[in-house]
Amino acid sequence: GAVVSQHPSWVICKSGTSVKIECRSLDFQATTMFWYRQFPKQSLMLMATSNEGSKATYEQGVEKDKFLINHASLTLSTLTVTSAHPEDSSFYICSARAMGYTQYFGPGTRLTVL
Amino acid sequence: GENVEQHPSTLSVQEGDSAVIKCTYSDSASNYFPWYKQELGKRPQLIIDIRSNVGEKKDQRIAVTLNKTAKHFSLHITETQPEDSAVYFCAVSKSGRVRFGAGTRLTVKP
């Protein structure tokens, strides 16, 4: 089956620093990747949709200057949380989709901002 | 935007009983309806999905029904087992963008 990886699996950083999270599709080419945020005991909230080679489309309420998304290739998308603050602490999950409907999720990255 | 409502938020059943989780959505142009199972601290796992041109789909103990007119779809799990305990999310997709329901915490008591 399709495999999506994320790196790192967890990260702790100081307030004000930036953190980059990578999402890779390992055995297929992802035309579209999605980034979600999930707070404890809550649902997944779609943050943005990224297509390879074009700018990401952000959901309403998500600051594009704070959550920088780059989708440089068909197998890699990155999310950079800039000037992170404690309220950004969350579980960030990416998913990747090829040509069909199915999305394959990465294992998630737990971000803790001190 | 799309509004997805999921009920119930928690569900407790005895092993062997059936469990039903329901979702409604607002955008009639939505065309893909997956269901995910998420265990604590892990990624969501697709368990079954249905497209808008199909009314029902079954995979062993799991089935999904879709009523496009009423804009609701349901997950049915029969002969539940303790390992079915998890959080289940319905989702609705249009043009590839997926919106998730709030989730249902299913507990199967042995």
Side-chain angles (χ1 to χ4, degrees), chain A residues 1-7 9-10 21 23-26 30-52 54 56-62 71 77 90-112, chain B residues 1-10 21 23-25 27 29-54 57 59 64 66 73 75 85-107:
Chain A
V3 178
V4 176
S5 70
Q6 267 182 254
H7 178 81
S9 55
W10 59 270
I21 303 169
C23 177
R24 293 181 185 272
S25 56
L26 300 185
T31 53
T32 306
M33 288 186 169
F34 304 87
W35 287 96
Y36 296 85
R37 181 167 53 184
Q38 186 176 33
F39 292 109
K41 298 186 178 181
Q42 293 189 22
S43 187
L44 287 83
M45 299 300 296
L46 179 64
M47 299 175 67
T49 303
S50 76
N51 293 295
E52 184 265 338
S54 61
T57 302
Y58 290 81
E59 295 299 308
Q60 192 172 7
V62 178
H71 193 159
S77 177
S90 187
F91 193 49
Y92 291 87
I93 308 178
C94 72
S95 70
R97 184 171 66 101
M99 298 303 294
Y101 288 91
T102 305
Q103 290 189 26
Y104 301 95
F105 282 85
T109 297
R110 186 161 301 283
L111 170 64
T112 302
Chain B
E2 176 69 89
N3 187 35
V4 183
E5 294 194 1
Q6 183 172 344
H7 299 280
S9 56
T10 60
I21 303 171
C23 283
T24 61
Y25 60 99
D27 191 339
S30 299
N31 59 359
Y32 175 62
F33 308 89
W35 284 90
Y36 292 90
K37 175 183 179 182
Q38 187 179 31
E39 297 177 3
L40 188 64
K42 296 189 177 180
R43 76 185 86 190
Q45 297 279 3
L46 178 70
I47 56 171
I48 197 167
D49 56 9
I50 193 167
R51 298 184 190 180
S52 59
N53 59 346
V54 177
K57 183 177 178 180
D59 182 4
V64 55
L66 171 65
F73 58 112
L75 176 70
S85 296
V87 178
Y88 291 81
F89 293 99
C90 66
V92 175
S93 176
K94 183 182 78 169
S95 303
R97 290 165 65 227
V98 178
R99 307 281 187 167
F100 283 77
T104 296
R105 181 171 299 279
L106 174 65
T107 302

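Chain A is the first sequence line, chain B the second, and so forth, proteins listed ahead of strands; every chain is numbered from 1.
For A/Thr102, the parts sitting under 4.5 Å from any heavy atom of chain B are the backbone and the side chain alike. Within the 4.5 angstrom heavy-atom criterion, no atom of A/Gln60 approaches chain B. When heavy atoms are compared at a cutoff of 4.5 Å, B/Pro34 does not approach chain A at all. Proximity to chain A involves both the backbone and the side chain of B/Val98, based on heavy atoms less than 4.5 angstrom apart.
In this structure the side chain of B/Gln38 reaches within 4.5 angstrom of the side chain of A/Ile93, judged on heavy atoms. Two residues are said to be in side-chain contact when any heavy atoms from C-beta on lie closer than 4.5 Å; B/Tyr36 and A/Gln103 meet this criterion. Side-chain atoms of B/Leu46 and A/Phe105, non-hydrogen and from C-beta on, never get closer than 4.5 Å to each other.
Residues satisfying the ring-ring contact (aromatic ring centres under 6.0 Å, His included) criterion with A/Tyr92, sequence neighbours excluded, are absent altogether.
Considering CD of A/Glu59 and CZ of B/Arg97, their distance stands at 4.0 Å, rounded to 0.5 Å.
Comparing B/Lys42, B/Arg51, B/Gln6 by heavy-atom pairs within less than 4.5 Å of chain A, the highest count is held by B/Arg51. The candidate with the highest count of non-hydrogen atom pairs below 4.5 Å against chain B, out of A/Ser95, A/Gly108, A/Gly106, is A/Gly106.
Between B/Arg43 and A/Pro107 the shortest heavy-atom distance is NH2-CB, 3.5 Å. Closest non-hydrogen pair, B/Phe100 versus A/Leu44, comes out as CB-O, 3.7 Å.
Inspection of non-hydrogen atoms places A/Phe34, A/Tyr36, A/Gln38 of residues 31-40 of chain A under 4.5 Å from chain B.
In this structure, the side chain of A/Ser43 engages the main chain of B/Gly101 through a donor-acceptor pair within 3.5 Å.
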